[in-house]
Amino acid sequence: MGRILAVDYGKKRTGLAVTDELQIIAGGLTTVDTTTLVDYILNYVKSEKVDKIVVGLPKKMNNEYSENMVRIEPFVNRLQKLLPQIPIEYYDERFTSQLAQQAILDAGLKKKTRRNKALVDEVSAVIILQSYLDSRRFGR
């Protein structure tokens, strides 16, 4: 069994998370500059078996896509062409940034660390992935 890779796509930075090989637990992988994201993922799948990629679906409260979708869709299309053997799935990412900031705050990290936007992006990717795993487990 391979890993599931999650992407919290951002205009400048993108947070990445990954499961263990049994696809039970989500953990932070890294945050990369979005301009290098495709290359990073291509290199990652060369060294690790990835069964699926989950991309955060940016939606507003009224269920419409947010403005970030105009950047995410071309990214996903390019990735599908480059990695046709790996299925890519969208998963609702509403509230993940707020949940990530709260998780970082609850962890008791110092103020300087809490301001690290790259950390928020990575934790957001973890939340997207863990929510995805939970939804599969509980049939939501």
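All values derive from a computational prediction rather than experimental measurement. We number each residue from 1, following the sequence as shown.
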Novice: Specify the closest pair of heavy atoms between Q130 and I24, including all atoms of both residues, with the distance to one decimal.
Specialist: NE2-O, 4.0 Å

Novice: Could you tell me how the ring of F75 sits relative to the ring of Y9: parallel (under 30°), tilted (30 to 60°) or perpendicular (over 60°)?
Specialist: tilted

Novice: If you compare all heavy atoms of E122 against all heavy atoms of T31, which two are closest, and at what distance to 0.1 Å?
Specialist: CB-OG1, 3.5 Å

Novice: If you count heavy atoms of other groups shown closer than 6.0 angstrom to NZ of K49, is the number above 12?
Specialist: yes

Novice: Following the transitive rule for hydrophobic clusters with a side-chain heavy-atom cut-off under 4.5 Å over Ile, Leu, Val, Met, Phe, Trp and Tyr, establish whether L82 and V45 coincide in one cluster.
Specialist: yes

Novice: With a 4.5 Å cut-off on side-chain heavy-atom distances among I, L, V, M, F, W and Y, is there a chain of contacts connecting Y40 to V126?
Specialist: no

Novice: Does K52 reach the side chain of V50, with side-chain heavy atoms less than 4.5 Å apart?
Specialist: no

Novice: Report yes if the side chains of M69 and L57 come closer than 4.5 Å at any heavy-atom pair, otherwise no.
Specialist: yes

Novice: Taking all non-hydrogen atoms of both residues into account, name the closest pair between V7 and I128 and its distance.
Specialist: O-CD1, 4.4 Å

Novice: Applying side-chain hydrogen bond (donor to acceptor under 3.5 Å, both in side chains), which residue pairs with at least one partner in residues 71-88 are found, sequence neighbours left out?
Specialist: N68-R71

Novice: Y132 side chain to Y91 main-chain N or O, any donor-acceptor pair under 3.5 Å?
Specialist: no

Novice: Write out all pairs satisfying side-chain hydrogen bond (donor to acceptor under 3.5 Å, both in side chains) with one or both partners inside residues 14-27, taking only residues at least two apart or from two chains.
Specialist: T14-T34, Q23-D51, Q23-R136

Novice: Hey, any chance I72 and L42 share a hydrophobic cluster, counting ILVMFWY side chains that come within less than 4.5 Å of each other, even indirectly?
Specialist: yes

Novice: Would you say that L79 contacts I88 through its side chain, given a criterion of any heavy-atom pair below 4.5 Å between the two side chains?
Specialist: yes

Novice: So which heavy atom on L133 is nearest to which on A26, and how close?
Specialist: CD1-N, 4.0 Å

Novice: Report yes if some heavy atom in the side chain of L129 is under 4.5 Å from a heavy atom in the side chain of L5; otherwise report no.
Specialist: no

Novice: Side chains of L37 and L16: does their closest heavy-atom pair fall under 4.5 Å?
Specialist: yes

Novice: Measure the CD-CG distance between E48 and L29 for me, rounded to the nearest 0.5 Å.
Specialist: 9.0 Å

